[in-house]
Amino acid sequence: MKKIILLSIAFFTFISCSTQQKVAVDYDRDFDFNSNRTYTFSQSDYLKLNDLDSARLFNSIEKGLLYKGFQKNNSSNIVISVYPEEYVSKQQNSSVGLGMGTGGFGRIGGGLSVGIPITSEKLNQNYTVSMLDQGHLVWQGTLKIQMSVNSSPEAKEAIIQRGVMKLFYKFPPTKK
């Protein structure tokens, strides 16, 4: 019985510590991404992130685009703008139920159940990455990340990197 309780608690703790990543992408179907393989970041971006998370995000975007064959160039026509949003939410996860009972043929049954609510704080980071060609929107991706508030710097970097790789998975879009 003790093993079942301990395994249940460990399982729900593991689930509550996991991260979630959601990605959505939209693009201009007429734009030829192969005609220009360079980009620059918008100079007017005011990020509401701390400097460490901001650096992690931009480094991940640069690595993701470099992997796809794009080079950073300050005189490029393609300008990337990043709009972040960050907030902390409390999440009530499923409660663990412990129960006991007796019963059988002709006997009266009874039971006892105790619920243990598991609450955790989650850090939510939403990024909208927009690519503009001479002021015209040609590609936009949204990345939503949810992780534990107490994530280590290494874990944050890995989570952001994995999310950005997911965001640029099918980039550049091919003309059909």
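Between Asp28 and Leu137, the shortest heavy-atom distance links the atoms CB-O, 4.3 Å. Taking each heavy atom of Ser60 and Val164 in turn, the nearest pair found is O-CG1, 3.5 Å. Closest non-hydrogen pair, Leu57 versus Val82, comes out as CD2-CG1, 3.5 Å. When all heavy atoms of Gly163 and Gln21 are compared, the closest pair comes out as N-NE2, 3.5 Å. Between Asn124 and Ser89 the shortest heavy-atom distance is ND2-OG, 2.8 Å. Residues Asn126 and Ile145 approach most closely at OD1-N, 4.3 Å, considering heavy atoms.
The number of heavy-atom neighbours closer than 6.0 Å to CG of Asn34, taken from other residues, nucleotides and ligands shown, is above 12. Open room surrounds NZ on Lys22; 12 or fewer heavy atoms of other groups in view lie less than 6.0 Å from it.
Rounded to the nearest 0.5 angstrom, Ile159 CD1 and Gln146 CD are separated by 10.5 Å. Here CG of Leu123 is found 5.0 Å from CE of Met147. Values are rounded to the nearest 0.5 Å. Taking NZ of Lys68 as the start and NZ of Lys170 as the end, the distance is 10.5 Å to the nearest 0.5 Å.
Taking 4.5 Å as the limit, some side-chain heavy atom of Ile61 sits within range of a side-chain heavy atom of Val129. In this structure the side chain of Asn73 never reaches within 4.5 angstrom of the side chain of Tyr39, judged on heavy atoms. At a threshold of 4.5 Å between non-hydrogen side-chain atoms, the residues Met131 and Tyr27 do not count as touching. Between Gln71 and Leu66, some side-chain heavy-atom pair lies under the 4.5 Å cut-off. Inter-residue side-chain proximity for Ser81 and Leu132 is flagged as met; some heavy-atom pair is nearer than 4.5 Å.
Side chain of Arg56 to main chain of Asp51: no donor-acceptor pair is present (N/O by atom type, distance under 3.5 Å, no hydrogens or angles). For the pair Thr38 (side chain) and Ser76 (backbone), a donor-acceptor distance under 3.5 Å is absent. The closest donor-acceptor contact from the side chain of Lys156 to the backbone of Leu52 lies at 3.5 Å or more, if one exists at all.
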Apply the test side-chain contact (heavy atoms from CB on, under 4.5 Å) to residues Gln140 and Thr128: give CA-CA distance (whole Å), side-chain angles for both, the deciding distance (0.1 Å), then the verdict.
-> CA-CA 7 Å; Gln140 188 171 55; Thr128 301; 3.4 Å; yes
Could you please spell out the steps behind the side-chain contact (heavy atoms from CB on, under 4.5 Å) verdict for Thr142 and Val23?
-> CA-CA 6 Å; Thr142 304; Val23 171; over 6 Å; no
For Lys72 and Glu62, run side-chain contact (heavy atoms from CB on, under 4.5 Å): C-alpha distance rounded to whole Å, both residues' side-chain angles, the deciding distance at 0.1 Å, then the answer.
-> CA-CA 8 Å; Lys72 186 177 176 184; Glu62 286 182 27; 3.5 Å; yes
Before giving the answer on side chain to side chain donor-acceptor pair (under 3.5 Å), spell out for Glu85 and Tyr87 the whole-Å C-alpha distance, their side-chain angles and the decisive distance to 0.1 Å.
-> CA-CA 7 Å; Glu85 178 187 8; Tyr87 61 94; 5.6 Å; no
Should Ile78 and Thr40 be marked as a side-chain contact (heavy atoms from CB on, under 4.5 Å) after you check the CA-CA gap, both sets of side-chain angles, and the distance that decides it?
-> CA-CA 6 Å; Ile78 296 179; Thr40 187; over 6 Å; no
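Ile160 and Met165 fall into different hydrophobic clusters, defined by Ile, Leu, Val, Met, Phe, Trp and Tyr side-chain heavy atoms under 4.5 Å apart, directly or through other members. Val79 and Val25 are assigned to two separate hydrophobic clusters, defined by single-linkage of ILVMFWY side chains at heavy-atom distances under 4.5 Å.
Residue pairs that meet the ring-ring contact (aromatic ring centres under 6.0 Å, His included) test with at least one member in residues 142-168, sequence neighbours left out, are Trp139-Phe168, Phe168-Phe171.
In this structure, Phe58 has its ring center under 6.0 Å from that of Phe41.
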